[in-house]
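Structure record follows, encoded as structure tokens.
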Amino acid sequence: MFLLLGFSDLSFLAQTSIFVFLLLSYFLSVIGNSLIMLAVTFSPRLHSPMYFFLKILSFSELLLISSTVPKALHNFWVGSTISLIGCATQFSIFIAAAACECALLTVMAFDRYMAICQPLRYTSVMTVTFCYQVTFCISVVAIVNAIIESFLIFSLPYCQSHLIAHFFCDIPPMMSIACANTFIVEIYQLAISASSTVLPSILIICSYIKILTSIFLIRSAESRHKAFVTCGSHLVSVIIFFGTAMFVHLRLDNPFSPYEDRMLALSYCVIIPTINPLIYSLKNNEMKEAIRKLHLKIIDLH
């Protein structure tokens, strides 16, 4: 049995503020990501590879935020203990969802590259079969990696306190209470973090250099604006997600304090899954129209 510190070391006002923030963020994230998934599913105009991967991304973000926030909210009112199995399950789902999001953002960059730089080959490459195959491969790799990381983390012996200085079972606080050498775990975690953040970032940067070059060569102002809108929302999401992930997980011999760790975790566990639906829908007329029609259908059902 482990004890999650959560935010119990903060003042009552700070705890109340964080509780309200978590509750509102979770509500908005569930609503926003669910709307995107439903809109893409039921709107024929959105049956394209870009929106298909956006739907899977929204599902990954729901998994990501649901693996951490409900337990954190629960801990505000009903103790803060978590079993070994519960901790391992939470950890595995979080790791798998985060890995899926890294890969999906990279695939979405490839989709934009094919659509803008290789338009004549787009339909022959970005087929329905290809989209399902890529999604299947991403899911399998993410799950296998989550199992390996969970085995490495939870096979370690832990000190008597079992106090996790965090609001969920994350890698750094788990390793900090281990009563054994964690060198192998740290090397594996660093290698995985680098391969899932640095390598995709390089691929995305290369894709966008080509994309931006092609966009500036488009003569039609309307087509150029549409390309900027679809690529801009994805690029903002990439910068926020990968920037935060690399800042948090690729640090060497420079650990953050438990307070800093928790505040940074809020950015990629809570803020990103909450704002991504806004990023992808605010300036996207097709998505806004699909959500509007979905809303009308729901009203008609009542």
Side-chain angles (χ1 to χ4, degrees), residues 28-65 97-139 142 200 203-204 207-208 210-211 214-215 218 222-242 272-298:
L28 291 173
S29 179
V30 169
I31 295 296
N33 285 297
S34 297
L35 279 175
I36 285 178
M37 291 166 62
L38 291 170
V40 174
T41 301
F42 293 108
S43 176
R45 290 187 64 186
L46 301 185
H47 288 177
S48 65
M50 180 181 73
Y51 290 111
F52 171 81
F53 288 120
L54 178 58
K55 181 173 73 171
I56 305 301
L57 181 70
S58 293
F59 178 71
S60 297
E61 290 182 333
L62 277 179
L63 281 181
L64 190 74
I65 196 169
C100 280
E101 186 155 353
C102 289
L104 285 167
L105 288 171
T106 308
V107 173
M108 289 170 76
F110 175 72
D111 172 79
R112 291 299 82 206
Y113 166 77
M114 290 301 300
I116 295 169
C117 302
Q118 304 284 338
L120 298 179
R121 297 182 57 209
Y122 183 77
T123 53
S124 62
V125 174
M126 302 300 293
T127 62
V128 173
T129 303
F130 174 80
C131 292
Y132 278 108
Q133 287 174 340
V134 168
T135 303
F136 176 76
C137 291
I138 287 172
S139 302
L203 293 174
I204 291 170
S207 297
Y208 269 100
K210 289 274 191 179
I211 289 169
S214 298
I215 288 175
I218 297 174
E222 185 180 347
S223 298
R224 193 162 55 244
H225 174 73
K226 186 177 180 180
F228 268 124
V229 169
T230 55
C231 293
S233 56
H234 175 256
L235 193 56
V236 169
S237 182
V238 165
I239 291 169
I240 295 172
F241 184 82
F242 282 106
I272 292 174
T274 303
I275 65 173
N276 263 355
L278 294 174
I279 291 172
Y280 283 104
S281 60
L282 272 180
K283 290 189 176 183
N284 190 318
N285 291 328
E286 289 180 333
M287 180 61 71
K288 285 192 287 188
E289 180 63 18
I291 291 173
R292 188 186 67 82
K293 289 181 178 179
L294 179 65
H295 181 247
L296 293 175
K297 284 182 182 179
I298 293 170

Kindly indicate whether the side chain of Ile116, heavy atoms from C-beta on, has any atom under 4.5 Å from the side chain of Cys231.
-> yes
Distance in Å, Cys100 SG paired with Phe59 CZ, rounded so as to fall on 0.5 Å steps | 9.0 Å
When rounded to the nearest 0.5 angstrom, what is the spacing between CD1 in Ile56 and OG in Ser139?
-> 7.5 Å
Do Pro273 and Leu62 come within less than 4.5 Å of each other through their side chains, counting heavy atoms only?
-> no
Any idea which heavy atoms bring Ser60 and Ala97 closest together, and the distance?
-> O-CB, 3.6 Å
His234 side chain near Asp111 side chain, heavy-atom distance below 4.5 Å | no
Test item: Thr106 side-chain N/O and Cys102 main-chain N/O as donor-acceptor pair under 3.5 Å = yes
Partners of Tyr132 by ring-ring contact (aromatic ring centres under 6.0 Å, His included), sequence neighbours excluded?
-> Phe52
Verify side chain to side chain contact (heavy atoms under 4.5 Å, CB included) between Ile240 and Ile279, making sure each step is shown before the conclusion.
-> CA-CA 11 Å; Ile240 295 172; Ile279 291 172; 4.1 Å; yes
Output, in order, the C-alpha distance, side-chain angles, deciding distance and verdict of side chain to side chain contact (heavy atoms under 4.5 Å, CB included) for Phe53 and Leu105.
-> CA-CA 9 Å; Phe53 288 120; Leu105 288 171; over 6 Å; no
Go through the structure and list residues passing side chain to side chain contact (heavy atoms under 4.5 Å, CB included) with Ala98, not counting sequence neighbours.
-> Leu64
Without swapping roles, check the side chain of Ser124 against the backbone of Arg121 for a donor-acceptor pair under 3.5 Å.
-> yes
Distance from Ile215 atom CD1 to Arg112 atom CZ, nearest 0.5 Å?
-> 9.5 Å
On a heavy-atom basis, the closest approach of Ile36 and Pro277 is CD1-CA, 3.5 Å
Approximate separation, where rounding is to 0.5 Å, of Leu104 CG and Thr135 OG1 = 6.5 Å
Report yes if the side chains of Met287 and Tyr280 come closer than 4.5 Å at any heavy-atom pair, otherwise no.
-> no
Give a yes or no on this: more than 12 heavy atoms of other residues, nucleotides or ligands lie within 6.0 Å of atom NE2 of His47.
-> yes
Mind checking what makes side chain to side chain contact (heavy atoms under 4.5 Å, CB included) contact with Lys293, not counting sequence neighbours?
-> Glu289
State which residues pass ring-ring contact (aromatic ring centres under 6.0 Å, His included) with Phe110; sequence neighbours excluded, sorted by chain then number.
-> none
How many angstroms lie between CD in Gln133 and CD1 in Ile138, if you round to the nearest 0.5 Å?
-> 12.0 Å
Identify the two heavy atoms, one from Ile291 and one from Ala39, that lie closest to each other, and give their separation to 0.1 Å.
-> CG1-CB, 4.0 Å
Test side chain to side chain donor-acceptor pair (under 3.5 Å) applied to Asn276 - qualifying residues, sequence neighbours left out | Glu61, Ser237
Side-chain heavy atoms of Glu101 within contact of Ile272, under 4.5 Å | yes
With a 4.5 Å heavy-atom cut-off, do Tyr122 and Pro49 have their side chains touching?
-> yes
Contact summary for Glu286 and Leu46, nearest pair of heavy atoms | CB-CD2, 3.9 Å
From CE (Met37) to CG (Leu57), nearest 0.5 Å = 11.0 Å
Kindly give the heavy-atom pair with the smallest separation between Tyr51 and Val40, and that separation in Å.
-> O-CG1, 3.4 Å
Quick check: are there more than 12 heavy atoms from other residues, nucleotides or ligands sitting under 6.0 Å from NZ of Lys288?
-> yes
List in chain and number order the residues that pass side chain to side chain donor-acceptor pair (under 3.5 Å) with Ser29, two or more places apart in sequence or in another chain; answer none if no residue qualifies.
-> Asn33
With side chains defined as the heavy atoms from C-beta onward, is the minimum distance between Ile211 and Cys117 less than 4.5 Å?
-> yes
